[in-house]
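What follows is a single structure, written as structure tokens, with notes after it.
Residue numbering restarts at 1 for every chain, and letters A, B, ... go by the order of the sequence lines. Just so it is clear, the structure is predicted and the values come from calculations on it, not from any experiment.
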Number of protein chains: 2
Amino acid sequence: MPRQRDESGESTHERILRVAAEVFARKGYHGAGVAELGEAAGLKRGALYYHIGSKEDLLYDLSKRHVEEALQRGRVVVDSDLHPVDKLRALAREHVQTIAARRDEVIVVLREMHALTGKRARQLGKLRDEHQNLFARVLEEGVEQGVFRSADHVTVLGVLGILNWSYVWYDAEKGPLTPDQVADRLIDIVIYGELASPRSAGRNGRQLEAPAPVQR
Amino acid sequence: MPRQRDESGESTHERILRVAAEVFARKGYHGAGVAELGEAAGLKRGALYYHIGSKEDLLYDLSKRHVEEALQRGRVVVDSDLHPVDKLRALAREHVQTIAARRDEVIVVLREMHALTGKRARQLGKLRDEHQNLFARVLEEGVEQGVFRSADHVTVLGVLGILNWSYVWYDAEKGPLTPDQVADRLIDIVIYGELASPRSAGRNGRQLEAPAPVQR
DNA sequence: GCACTAATGTACTGATCGGTCAATCAGGAG
DNA sequence: CTCCTGATTGACCGATCAGTACATTAGTGC
């Protein structure tokens with residue numbers, strides 16, 4: 001095996017996955033042709049198929065690797081002994097950092113997930129659920145310690161949603177905010193809410209107290 | 001013009017838009033062929049092209065109509081004289097109701113937006129921005145009246161994100177929660193935060209007060 | 001030089017892509 | 001009946017689709 005890796009130490013397969021993320025993010029899975037994927041990697045179709053099994057393999061391998069790595073980083077945070085508030089913040093920072101640093105992959109995972117079929121779709125769905133459970137566990141810990149109000153399904157998906165949605169609008173290279181600043185701002189909303197202090201905001205006898213905790 | 005409309009009063013063009021939303025939502029814009037779109041509407045390719053200009057026209061018309069209608073419903077809420085908290089809640093309910101009732105269209109608008117090209121993409125982007133501004137205006141009103149803490153860009157997109165993300169997971173026919181219940185739960189997070197009362201949660205001298213308001 | 005293998009390009013498959021076209025059909029108006 | 005118009009069909013366009021087969025190149029160990 002002569003030159004499996006180029007001067008930067010990246011194998012052809014790794015290069016293909018990297019450029020495929022960019023192409024899939026820009027044109028969509030079905031919108032990108034195999035010839036286009038090869039061209040982006042500097043290969044003709046025939047050579048490309050020497051390195052990959054199929055176009056769907058590309059999408060699956062790319063997505064699986066991304067989610068597994070995010071899962072691994074998230075587990076380190078969840079397994080730490082931080083205070084629930086700090087743990088939620090750390091997990092959110094990790095999440096937005098990933099979105100900022102590997103936006104192409106995030107776009108593909110979140111937007112083209114449904115292009116996977118059969119067993120592949122199920123396996124990636126399981127990985128995605130595991131990652132979602134990281135947030136559920138942090139919230140549950142908080143509820144047990146009397147720090148958070150609720151950890152029900154909708155709350156977990158709400159937290160995940162407010163963070164995930166940043167993949168649509170956050171461009172780390174354009175915006176003035178760092179990933180950590182964005183994560184902090186979003187998680188502040190979730191933790192403290194947008195309501196100003198009842199002292200200054202209450203008027204007309206309006207009820208501005210927080211609602212009762214939600215049942216799990 | 002004999003039978004432009006069938007017995008239910010739906011024109012062929014309207015029927016095409018309706019079934020196209022379902023097909024695009026299931027297979028994606030690039031993943032669905034025009035033959036498949038026609039078949040879903042009970043037409044051959046040739047007949048389909050008698051009613052539409054192009055495949056992209058279909059996506060554009062479908063998306064434009066959806067966003068314009070959502071925009072119109074949202075404006076009614078924003079132009080009302082509700083208290084900012086109630087107005088935000090009403091806007092959120094309207095939003096989740098739309099997601100629940102016309103999920104196919106929402107999926108297409110949010111997921112296949114990027115398949116539009118040129119002027120079409122720009123025009124729809126403008127409409128989307130107008131809809132986003134509804135949330136910005138409600139938050140700004142709240143800040144002016146001392147009710148909300150901030151109305152900066154990230155806050156607006158955070159609120160929009162926590163609501164929008166429900167299009168990924170909320171199935172009105174499966175879940176036990178009504179759209180209004182989901183919207184209320186999500187908007188409670190935004191308004192009050194997930195932090196339990198500082199009285200019961202504070203410990204070790206931990207700072208559990210809300211952070212300072214964010215600058216616009 | 002020789003043999004081996006990783007890697008690549010070229011050429012091909014059958015199918016489908018979005019879109020167009022002329023011919024035709026169905027039904028109401030005169 | 002004739003004429004008109006809305007609606008539909010099926011054939012056809014060139015291009016591209018994902019995937020395969022095979023010969024060729026390039027580099028290594030001997």
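The distance from atom CZ of A:R45 to atom P of D:dC22 is 17 Å, rounded to the nearest whole Å. Atom P of nucleotide D:dC17 and atom CG of A:L48 are separated by 13 Å, given to the nearest angstrom. At whole-Å resolution of the value, CZ in A:R15 and P in C:dA7 are 11 Å apart. To the nearest angstrom, C1' of C:dG19 lies 16 Å from NE2 of B:H51. Here C:dG19 presents its C1' atom at 16 Å from CG of B:L43, a figure rounded to the nearest Å. Rounded to whole Å, atom C1' of C:dA23 lies 17 Å from atom NZ of B:K44. Rounded to whole Å, atom P of D:dA18 lies 12 Å from atom CD of A:E56. Here D:dA7 presents its P atom at 19 Å from OH of B:Y49, a figure rounded to the nearest Å.
Ionic pairing of A:E130 and A:K126 is not present here: no N-O contact between side-chain nitrogen and carboxylate oxygen is shorter than 4.0 angstrom.
For B:Y50, whose side chain is taken as the heavy atoms from C-beta onward, the closest listed nucleotide among D:dG19, C:dG9, D:dT8 is D:dT8.
Checking side-chain atoms of B:K55 against main-chain N and O of B:A32 turns up a donor-acceptor pair under 3.5 Å. The closest donor-acceptor contact from the side chain of A:R149 to the backbone of B:Y192 lies under 3.5 Å. Side-chain atoms of A:R15 come within 3.5 Å of backbone N or O of A:A41 as a donor-acceptor pair.
Centroid-to-centroid, the aromatic rings of A:F135 and A:H95 come within less than 6.0 Å.
Residues from residues 17-42 of chain B lying near DNA chain C, meaning a heavy-atom separation below 4.0 Å, are B:A32, B:G33, B:V34 in numerical order.
Nucleic acid contact class of A:K55 (heavy atoms, under 4.0 Å, all strands): sugar-phosphate only.
The closest side-chain heavy-atom distance from A:I189 to A:I162 is below 4.5 Å.
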